[in-house]
2 protein chains.
Amino acid sequence: MKLNQTAYAILGILSFHPRQSGYHIRKTIETTVGFFWGESFGQIYPTLKRLAAEDLIVPDGAPTGSKNRLEYALTPAGHACLEEWLAVPYRSDPPRDEFLLKLFFGGEAAPAISIEHIRKFRERNQRLLATLEQVESLSAQQNANQPGYPFWMLTLSFGLAQVRSALVWSESALASLQAMEAAGPTIASRIPERKGSI
Amino acid sequence: MKLNQTAYAILGILSFHPRQSGYHIRKTIETTVGFFWGESFGQIYPTLKRLAAEDLIVPDGAPTGSKNRLEYALTPAGHACLEEWLAVPYRSDPPRDEFLLKLFFGGEAAPAISIEHIRKFRERNQRLLATLEQVESLSAQQNANQPGYPFWMLTLSFGLAQVRSALVWSESALASLQAMEAAGPTIASRIPERKGSI
DNA sequence: ACACACATGTAATTGGTTACATGATTTC
DNA sequence: GAAATCATGTAACCAATTACATGTGTGT
């Protein structure tokens, strides 16, 4: 019984949102942990079947539901499994940030290109900030009494801090690149010195 | 000729570090972009062969080297390829942060568990901060004249900003969880309400 | 002599995305 | 009745990690 991360994300969602379908679980993930976690259907549906086979969740086509969707609920075993996983030290998988990689190699192209990347990055973060702030105010009204609330707020405040710091950085980064662009005619027009072949 | 991200990372490294072996490239990646990018040997060596087959790099077993290692150098085509990639908008792949996910579901376990995760997280960031600051001062002395330097500093200052903001957050998060722990006897001892089966 | 870093590679596995395929329900 | 969203799933593909396998050079 070795589960993948998707499984724990599902167990986690079901732990405070009983009786959701695969489709709904994905929606919930998007709107709650979306800014640091993503799931695709291609991953969710097979995982739901596996979790059901392991008796960690049970299909529950009962009272309220019964359209053409299949809802699941957490079993005690499922909750135990979630708790077990929570106690295991998190592993931070090797980071891969294409934005930063492109920026790092920015000297090999015109500054305008890096400027454009940073502008996109800033816009992204502005949008993200707006949604996070919205979540913050809505959540305070709707979820304040839920047991998970303090923890949700912790992840939210983390997101807000990171996004805000990213925005501050964006401004100074843009300023320094624009200064560079104004100063020198593109540094990038050089060809790396080499010897022979091709 | 569709290349994976590893290929561009390699091209990028070779663009300002001519003549490195696979082993060395990995070292360089670790020490320069390591805090936002990682590569494994299982990815690097096959990719080097592919890049050589595409004439984007050339094996170069010349003068200085010639131990039992094979060094590569960027070709003009390789540099063109890198520039092309740099101009393409970056894509940020769906984020997956296990630390935040566990924290989000922290209400399902004792607060002590989340506290431990955050402590680990804080330590991690403290170590990272130390190395980044070291890189900052060393790099100012050693690389200040290199053409890529301003861009390297941008990624570095981004890392510093993020790490510092993460540390500030860690303190407040720890404080709030410790307050919670002191206040209530574990909220987590409840079992999700359910009906029937298992 | 031993250990450690240097150095290169392959094979198995996995975790995951994307695209495809299909159909029901709701809303306009 | 058309369009959008709800809803479930499969198949193909891929990028990447991990573990394995092997050997050399260097320092103590």
* Asked: Which class fits the ring pair B:F105 and A:F16: parallel under 30°, tilted 30 to 60°, perpendicular over 60°?
  -> tilted
* Going by the angle between their ring planes, with limits at 30° and 60°, are B:F99 and B:W169 parallel, tilted or perpendicular? -> perpendicular
What is the distance, rounded to the nearest whole Å, between atom [atom1] of [X] and atom [atom2] of [N]?
X	N	atom1	atom2	value
A:R69	D:dT8	CZ	P	8 Å
B:I25	C:dT8	CD1	C1'	13 Å
B:F41	C:dC6	CZ	P	9 Å
A:D93	C:dT14	CG	P	17 Å
B:Q43	C:dT13	CD	P	18 Å
B:N4	C:dT17	CG	C1'	15 Å
B:H24	D:dT24	NE2	P	22 Å
B:Y45	C:dT8	OH	P	4 Å

Under 4.0 Å between a side-chain N/O of [X] and OP1 or OP2 of [N], yes or no?
X	N	answer
B:S21	C:dT8	yes
B:S40	D:dA16	no
B:Q5	D:dA16	yes
B:K49	C:dT8	no
B:K27	C:dA7	no

* Asked: C:dC6, D:dT17, D:dT5: which one has an atom nearest the side-chain heavy atoms of B:Y23?
  -> C:dC6
* **Salt-bridge contact A:E98-A:R96 (side-chain N to carboxylate O under 4.0 Å)** => no
* Lys/Arg-Asp/Glu bridge criterion (N-O < 4.0 Å) met for B:E133, B:R164 -> yes
* How about A:Q178: does its CD atom have over 12 heavy atoms from other parts shown lying under 6.0 Å from it? -> yes
* Asked: Using a cut-off of 4.0 Å on non-hydrogen atoms, how would the nucleic acid contact of A:G42 be classed: base, sugar-phosphate, or nothing?
  -> base
